[in-house]
Amino acid sequence: MIKFSLGCNNHHSFEAWFRSGDAFDRQAGRQLVVCPECGSTAVEKAPMAPALLKAGRAKSETTPSQTMRKPSVADLRQLRREILAKSEHVGTGFAEEARRMHFGDAKERSIHGEASIEDARGLIDDGVPFGLVPPLPEDQN
């Protein structure tokens, strides 16, 4: 995992964790990286200085969950609206379509749909990147 300092076109700064630099590039290219302040998907990496440790000093034990603010329900609603508005609904065929896109058998595009736990585990095993649309309180009723 790698943490990037990011900025949006509205001059908001934030940090996010990604599996790799390529993972950030793919997600940003598909407009899946969203500014938590304004919802903009015009996000770029900000200049960062490397983290250098001085001799004899231990590395900080701070985890991503300790440094990132917890999103509000309004933030999650906005994120969900953005994801759903900018992607194609493929229904229960999500896992199959994501796998086809990953292996070059279908045009790459942003999609959303439903997948079982078994399907999701299969996607992980096959190295197919995907994310979860955040559940909202009204989804739990």
Side-chain angles (χ1 to χ4, degrees), residues 1-140:
M1 296 289 284
I2 185 168
K3 178 172 68 171
F4 287 119
S5 293
L6 306 173
C8 76
N9 61 334
N10 293 314
H11 308 290
H12 298 122
S13 298
F14 58 102
E15 296 176 337
W17 289 83
F18 296 88
R19 180 167 290 184
S20 66
D22 288 340
F24 166 80
D25 293 338
R26 283 192 306 274
Q27 290 178 36
R30 295 172 63 195
Q31 297 184 328
L32 298 175
V33 181
V34 179
C35 174
E37 294 294 317
C38 66
S40 172
T41 57
V43 174
E44 295 182 345
K45 292 181 204 171
M48 294 174 45
L52 301 176
L53 299 176
K54 292 183 181 179
R57 292 185 70 184
K59 187 176 178 181
S60 170
E61 295 297 322
T62 304
T63 65
S65 62
Q66 292 170 319
T67 59
M68 297 175 66
R69 79 173 174 89
K70 185 175 180 180
S72 69
V73 172
D75 292 336
L76 294 176
R77 282 190 180 106
Q78 177 61 30
L79 174 61
R80 186 179 190 157
R81 276 193 298 273
E82 292 273 333
I83 291 169
L84 298 179
K86 295 179 178 180
S87 62
E88 176 187 338
H89 181 66
V90 295
T92 57
F94 175 82
E96 179 182 335
E97 190 64 13
R99 192 173 281 110
R100 288 180 30 162
M101 289 178 358
H102 180 72
F103 292 112
D105 296 330
K107 179 183 136 209
E108 191 167 316
R109 63 203 189 279
S110 296
I111 62 171
H112 69 273
E114 297 83 40
S116 68
I117 296 294
E118 294 79 22
D119 287 340
R121 286 187 180 128
L123 290 173
I124 292 168
D125 291 343
D126 290 343
V128 179
F130 69 96
L132 301 174
V133 177
L136 298 175
E138 52 266 30
D139 296 336
Q140 308 301 317

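Values below: all heavy atoms of this structure, side chains included; hydrogens, waters and symmetry mates excluded. The residues of the chain are indexed from 1 along the displayed sequence.
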Min side-chain heavy-atom separation Leu6-Lys45 under 4.5 Å: yes
Is atom NE2 of His89 surrounded by more than 12 heavy atoms (other residues, nucleotides or ligands) closer than 6.0 Å? yes
Test: Glu97 and Arg100 ion pair at under 4.0 Å: yes
About how many Å separate NE2 of His11 and OG of Ser40, when rounded to the nearest 0.5 Å? 10.5 Å
Specify the closest pair of heavy atoms between Val43 and Phe24, including all atoms of both residues, with the distance to one decimal. O-CZ, 4.3 Å
Closest non-hydrogen atom pair, Phe94 against His112: CD1-C, 3.9 Å
Look up atom CZ in Arg19 and atom CZ in Arg26, then write down how far apart they are to the nearest 0.5 Å. 9.0 Å
Return the OG1 to CG distance between Thr41 and Asn9, rounded to the nearest 0.5 Å. 8.0 Å
How long is the gap from CD on Glu114 to CG on Asp119, to the nearest 0.5 Å? 11.0 Å
Can you tell me how far apart CG (Leu79) and CG (Leu84) are? Round to the nearest 0.5 Å. 9.0 Å
Has Glu37 got more than 12 heavy atoms of other residues, nucleotides or ligands less than 6.0 Å from its CD? yes
Which heavy-atom pair separates Val33 from Ala28 by the least distance, and what is that distance? CG2-N, 3.7 Å
Might you work through the side chain to side chain contact (heavy atoms under 4.5 Å, CB included) test for Arg80 and Leu76, ending with a clear yes or no? CA-CA 6 Å; Arg80 186 179 190 157; Leu76 294 176; over 6 Å; no
Arg81, CZ: over 12 other non-hydrogen atoms inside 6.0 angstrom: yes
Derivation and outcome, side chain to side chain contact (heavy atoms under 4.5 Å, CB included), residues Gln31 and Glu82: CA-CA 9 Å; Gln31 297 184 328; Glu82 292 273 333; over 6 Å; no
So how far is it from Asp105 CG to Glu96 CD, rounded to the nearest 0.5 Å? 10.5 Å
Any sub-3.5 Å donor-acceptor pair from Asp75's side-chain atoms to Ser72's backbone N or O? yes
Assess the residue pair Asp126 and His102 against the criterion (side chain to side chain contact (heavy atoms under 4.5 Å, CB included)); give the C-alpha distance rounded to whole Å, side-chain angles, the decisive distance to 0.1 Å, and a yes or no. CA-CA 9 Å; Asp126 290 343; His102 180 72; 5.7 Å; no
How far apart are the closest heavy atoms of Ile2 and Phe4, and which atoms are they? CG2-CE1, 3.6 Å
Mind listing the closest non-hydrogen atom pair of Ala98 and Leu123 along with its distance? CB-CD2, 4.3 Å
Could you walk me through whether Lys86 and Arg109 satisfy the side chain to side chain contact (heavy atoms under 4.5 Å, CB included) test, starting with their C-alpha distance in whole Å, then the side-chain angles of each, then the deciding distance to 0.1 Å, before giving a yes or no? CA-CA 10 Å; Lys86 295 179 178 180; Arg109 63 203 189 279; over 6 Å; no
